[in-house]
S.K.: 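Have a look at this one.
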Amino acid sequence: MIKYLENLPPNIVGFKATGEINEKDFTETVMPKVKALIDKIDKLNYLLVLETSVKNFTIGAWMKDAIMGVKHLTKWNRAAIVSDVEAIRNFTNFFSYLMPGEFKGFEHQDLQKAIDWVSEKK
């Protein structure tokens, strides 16, 4: 499931992924919040805290995630993925070379640093 993270700076949207992630998580939780932020500030600052394995994302969830990425391609500003899996952090860092915007991986112990970075505080 994906849960919307409350009490974040107003210029970012954040989520926590736990257990199995499916298409409904993206269509009902992620995409409406992403659209609302883009409508509000015309860019996307995105935080995802992974507390589940990427193996727990169903194919429908991956497709919705990809559609969201393409649909808002020019709006990506900053995106942080928080995970203690080094390969996920490395892939996230590499993603900056493929997509507009900046992408950065953080460990769970650095969650506040991730929030500050995504919100452009630092």
Side-chain angles (χ1 to χ4, degrees):
M1 102 184 284
I2 292 182
K3 179 182 174 199
Y4 175 68
L5 295 174
E6 309 251 355
N7 302 316
L8 291 174
N11 68 331
I12 75 174
V13 64
F15 305 93
K16 181 186 288 187
T18 59
E20 184 177 283
I21 310 304
N22 59 43
E23 180 179 352
K24 184 177 176 183
D25 290 312
F26 279 89
T27 57
E28 294 183 5
T29 304
V30 175
M31 296 181 89
K33 296 292 187 184
V34 164
K35 183 182 181 321
L37 182 66
I38 290 172
D39 288 347
K40 180 179 172 186
I41 67 170
D42 200 38
K43 63 183 176 180
L44 179 55
N45 294 320
Y46 182 87
L47 173 73
L48 178 60
V49 179
L50 280 177
E51 290 188 355
T52 190
S53 169
V54 293
K55 294 176 184 174
N56 287 333
F57 282 67
T58 67
I59 192 68
W62 282 117
M63 292 302 295
K64 284 296 181 184
D65 185 43
I67 290 167
M68 179 185 73
V70 171
K71 182 177 180 183
H72 301 293
L73 190 63
T74 62
K75 301 298 182 181
W76 284 98
N77 185 51
R78 286 194 169 181
I81 307 298
V82 179
S83 172
D84 285 337
V85 178
E86 185 177 6
I88 291 172
R89 292 191 314 270
N90 289 339
F91 179 78
T92 301
N93 294 337
F94 176 74
F95 215 61
S96 283
Y97 297 108
L98 304 175
M99 293 272 292
E102 298 177 78
F103 294 77
K104 192 169 182 180
F106 293 86
E107 294 182 27
H108 283 278
Q109 68 184 13
D110 296 325
L111 176 59
Q112 188 58 53
K113 288 180 185 178
I115 293 168
D116 291 345
W117 181 81
V118 171
S119 69
E120 301 179 273
K121 184 176 179 180
K122 292 186 179 183

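For the numbers below, each heavy atom of this structure counts, side chains included, while hydrogens, waters and symmetry mates do not.
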S.K.: In Å, rounded to the nearest 0.5 Å, how long is the span from CG of N45 to OG of S119?
M.R.: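 With rounding to 0.5 Å, CG (N45) is 8.0 Å from OG (S119).
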
S.K.: Any side-chain heavy-atom pair from I115 and I12 closer than 4.5 angstrom?
M.R.: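 Contact flag for I115/I12 side chains = yes.
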
S.K.: Do you know which two heavy atoms are closest between A114 and V82, and how far apart they sit?
M.R.: CB-CG2, 3.8 Å

S.K.: Evaluate side-chain contact (heavy atoms from CB on, under 4.5 Å) for V34 paired with L44, printing each intermediate quantity in order.
M.R.: CA-CA 7 Å; V34 164; L44 179 55; 3.9 Å; yes

S.K.: Side chains of V30 and Y46: closer than 4.5 Å at any heavy-atom pair?
M.R.: yes

S.K.: What residue pairs, at least two apart or across chains, pass salt bridge (Lys or Arg N to Asp or Glu O under 4.0 Å) with a residue in residues 85-109?
M.R.: R78-E102, R89-E107

S.K.: Taking side chain to side chain contact (heavy atoms under 4.5 Å, CB included) as the definition, give me every residue that meets it alongside I81, ordered by chain and number, with sequence neighbours left out.
M.R.: L48, L50, I88, T92

S.K.: So K43 and L37, do their side chains get closer than 4.5 Å, heavy atoms only?
M.R.: no

S.K.: Test side-chain contact (heavy atoms from CB on, under 4.5 Å) on N77 and K75; report intermediate values, then the result.
M.R.: CA-CA 6 Å; N77 185 51; K75 301 298 182 181; over 6 Å; no

S.K.: Got a second to check how far M1's CE is from E28's CD, nearest 0.5 Å?
M.R.: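 Here the rounded value is 11.0 Å.
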
S.K.: So for atom OH, which belongs to Y4, do other residues, nucleotides or ligands contribute more than 12 heavy atoms lying within a distance under 6.0 Å?
M.R.: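 Yes, enclosed.
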
S.K.: Could you check if a side-chain atom of F106 sits within less than 4.5 angstrom of a side-chain atom of L111, using non-hydrogen atoms only?
M.R.: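 Sidechains of L111 and F106: no contact.
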
S.K.: Can you name the nearest heavy-atom pair linking W117 to A79, along with the distance?
M.R.: CZ3-O, 3.4 Å

S.K.: Between atom NZ of K16 and atom CG of L47, what is the distance when rounded to the nearest 0.5 Å?
M.R.: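 Rounded to the nearest 0.5 Å, the NZ-CG separation comes to 10.5 Å.
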
S.K.: Can you find a heavy atom in the side chain of W76 that is under 4.5 Å from one in the side chain of F103?
M.R.: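 W76 reaches F103 side chain to side chain.
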
S.K.: Heavy atoms only: give me the nearest D25-E20 pair and the separation to one decimal.
M.R.: OD2-O, 3.8 Å

S.K.: Side chains of D84 and Q109: is there a donor and an acceptor less than 3.5 Å apart?
M.R.: no

S.K.: A side-chain contact here means heavy atoms from C-beta on lying under 4.5 Å apart; do N11 and E120 qualify?
M.R.: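 Yes. Closest side-chain heavy atoms under 4.5 Å.
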
S.K.: Is any side-chain heavy atom of K3 less than 4.5 Å from a side-chain heavy atom of T29?
M.R.: no

